[in-house]
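Counting starts at 1 for both ligands and their atoms, following the listed order. Basis for what follows: all heavy atoms, side chains included, without hydrogens, waters or symmetry-related copies.
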Amino acid sequence: MLELKDVRFSYPSSSEDKTAPSFCFNLTVNKGQIVVVEGRSGIGKSTLLNLVAGFLTPHQGKIYWQGQDLTPLHPSDRPLSMIFQSNNLFDHLSCRMNIALGLRPSLSLSDDEWRAVDAVMDDLGIGAIKDRKPDDVSGGQQQRVALARALIRADWQDRDLLLFDEPFSALDRETRLDCIEVVKRILASKSMAALMVSHDPEDAKRLGADVIAL
Ligand code: ADP
Ligand code: MG
């Protein structure tokens, strides 16, 4: 179970802008549960995910995963896998290598691991772009490369908590529905928990997710 207890955060105010937004989050996500976070642009959805992932540090309050206090842990030590709103892909590596990085930063994967990389690419409909660089594929394909990297990492490294920041926003409806099925299957296979930002109420419905509105 993920628990945020009275987590308070505000961005530092600049000299031009004295009214920096401040936030307070309280929420729980159980193992096996998918929670979709909705809310208008600028309300704090990405801020919430970045706090859980550890890229931002709360001024007050605690974040627990399975009873363990995550708050003091470096992002890389947290048992989670995140997809950013910006895809964070490496332009000098092929799409396949970008996904492999999710498993091993050294890129020395076993045969089974390479097969898993290829399988998740095929499942997400990006099997044909394996050797292309992110710059040479569409925005929707880049988004699926980032999705594949997070999913394979969660699946193979037993990271039971996934954070998704608008993972389907660049996809057409048909591709989105296909990807939702893949995400749903992988989350269910290990009873993972997921916190997902989405604009489209249909995503939550298809995923069988609970919705919270910020
Ligand atoms: P959402 O993801 O819901 O669109 P964000 O969490 O990205 O919103 O941002 C929430 C609010 O915090 C917005 O008003 C945004 O302008 C502000 N904000 C985001 N990042 C920073 C930052 N680094 N410094 C100052 N303000 C920020
Ligand atoms: Mg955002």
Side-chain angles (χ1 to χ4, degrees), residues 2-29 33-65 70-71 73-76 78 80-90 98 102 134 138-151 153-154 159 161-173 175-176 179-180 183 187 192-207 209-214:
L2 173 72
E3 275 183 292
L4 275 75
K5 289 191 175 163
D6 198 30
V7 171
R8 288 171 193 268
F9 176 79
S10 54
Y11 290 102
S13 53
S14 62
S15 47
E16 312 88 71
D17 176 14
K18 299 267 190 263
T19 57
S22 63
F23 306 91
C24 179
F25 298 107
N26 280 289
L27 74 102
T28 53
V29 185
Q33 187 185 18
I34 307 173
V35 170
V36 166
V37 182
E38 293 177 352
R40 66 180 163 76
S41 180
I43 200 81
K45 304 181 297 297
S46 296
T47 303
L48 167 65
L49 262 51
N50 281 312
L51 284 163
V52 176
F55 299 110
L56 296 173
T57 307
H59 303 319
Q60 200 185 309
K62 299 254 187 243
I63 300 169
Y64 298 96
W65 171 247
L70 298 185
T71 330
L73 298 183
H74 190 265
S76 61
R78 300 190 183 203
L80 53 84
S81 187
M82 174 152 172
I83 303 173
F84 297 88
Q85 200 165 359
S86 58
N87 290 320
N88 275 31
L89 300 177
F90 291 97
N98 265 284
S138 73
Q141 288 168 328
Q142 287 175 9
Q143 200 167 37
R144 280 176 281 166
V145 171
L147 181 60
R149 186 175 57 187
L151 286 173
R153 179 157 181 227
R159 294 176 179 237
L161 173 61
L162 274 109
L163 306 175
F164 299 91
D165 203 345
E166 310 204 28
F168 311 125
S169 59
L171 306 181
D172 59 87
R173 182 165 184 273
T175 309
R176 212 176 80 232
C179 290
I180 285 174
V183 169
L187 291 179
M192 296 174 192
L195 190 57
M196 177 182 297
V197 174
S198 164
H199 273 122
D200 193 328
E202 192 183 15
D203 292 352
K205 216 189 231 165
R206 295 253 168 193
L207 284 162
D210 297 301
V211 176
I212 55 166
L214 287 189

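For atom 19 (C) of ligand 1, a protein heavy-atom neighbour is present inside the 4.0 Å cut-off. Using a 4.0 Å threshold on non-hydrogen atoms, atom 16 (O) of ligand 1 does not count as touching the protein.
Considering every non-hydrogen atom in both L195 and V52, the closest pair reads CD2-CG2, 4.4 Å.
Between the side chains of T175 and D172, at least one donor N or O lies within less than 3.5 Å of an accepting N or O. Donor-acceptor pairing under 3.5 Å is lacking for the side chains of S198 and E38.
The distance from the Mg ion (ligand 2) to the nearest N/O/S atom of Q85 is under 2.8 Å. Residue T47 does not count as close to the Mg ion (ligand 2), with no N, O or S atom under 2.8 Å.
Close N/O approach between P21 and ligand 1 is not found [any backbone or side-chain N/O within under 3.5 Å]. Annotation: K45 places an N or O atom under 3.5 Å from an N or O atom of ligand 1; distance criterion only. Considering backbone and side-chain atoms together, G44 places an N or O closer than 3.5 Å to an N or O of ligand 1. Of the polar atoms of I43, at least one N or O is found under 3.5 Å from an N or O of ligand 1, judged by distance alone.
The single protein non-hydrogen atom nearest to atom 13 (C) of ligand 1 is G42 O, 3.3 Å, given as residue, atom name and distance. If you check which protein heavy atom lies closest to atom 7 (O) of ligand 1, you get S46 CB, 3.7 Å. The nearest heavy-atom contact from the protein to atom 6 (O) of ligand 1 is T47 OG1, 2.5 Å. For atom 27 (C) of ligand 1, the nearest protein heavy atom (residue, atom name, distance) is Y11 CD1, 3.4 Å.
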Checking Q143 against S169 for the side chain to side chain contact (heavy atoms under 4.5 Å, CB included) test, could you report, in this order, the C-alpha distance in whole Å, the side-chain angles of both residues, the deciding distance, and whether it holds? CA-CA 8 Å; Q143 200 167 37; S169 59; 3.1 Å; yes
Side chain to side chain contact (heavy atoms under 4.5 Å, CB included) evaluation trace for L70 with Y64: CA-CA 6 Å; L70 298 185; Y64 298 96; over 6 Å; no
Start with the C-alpha gap between I83 and R149, add the side-chain angles, then the distance that decides, and say whether side chain to side chain contact (heavy atoms under 4.5 Å, CB included) holds. CA-CA 8 Å; I83 303 173; R149 186 175 57 187; over 6 Å; no
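Those atoms of ligand 1 with a heavy atom of F23 less than 4.0 angstrom away are 10 (C), 11 (C), 12 (O).
A heavy-atom separation below 4.0 Å is not found between G39 and ligand 1.
In this structure, the side chain of H59 engages the main chain of S10 through a donor-acceptor pair within 3.5 Å.
Using bins of under 30°, 30° to 60° and over 60° for the plane-to-plane angle, the ring pair F25/F23 lands in the parallel bin.
Aromatic rings of F84 and F164 (six-membered ring for Trp) have centroids beyond the 6.0 Å cut-off, not under it.
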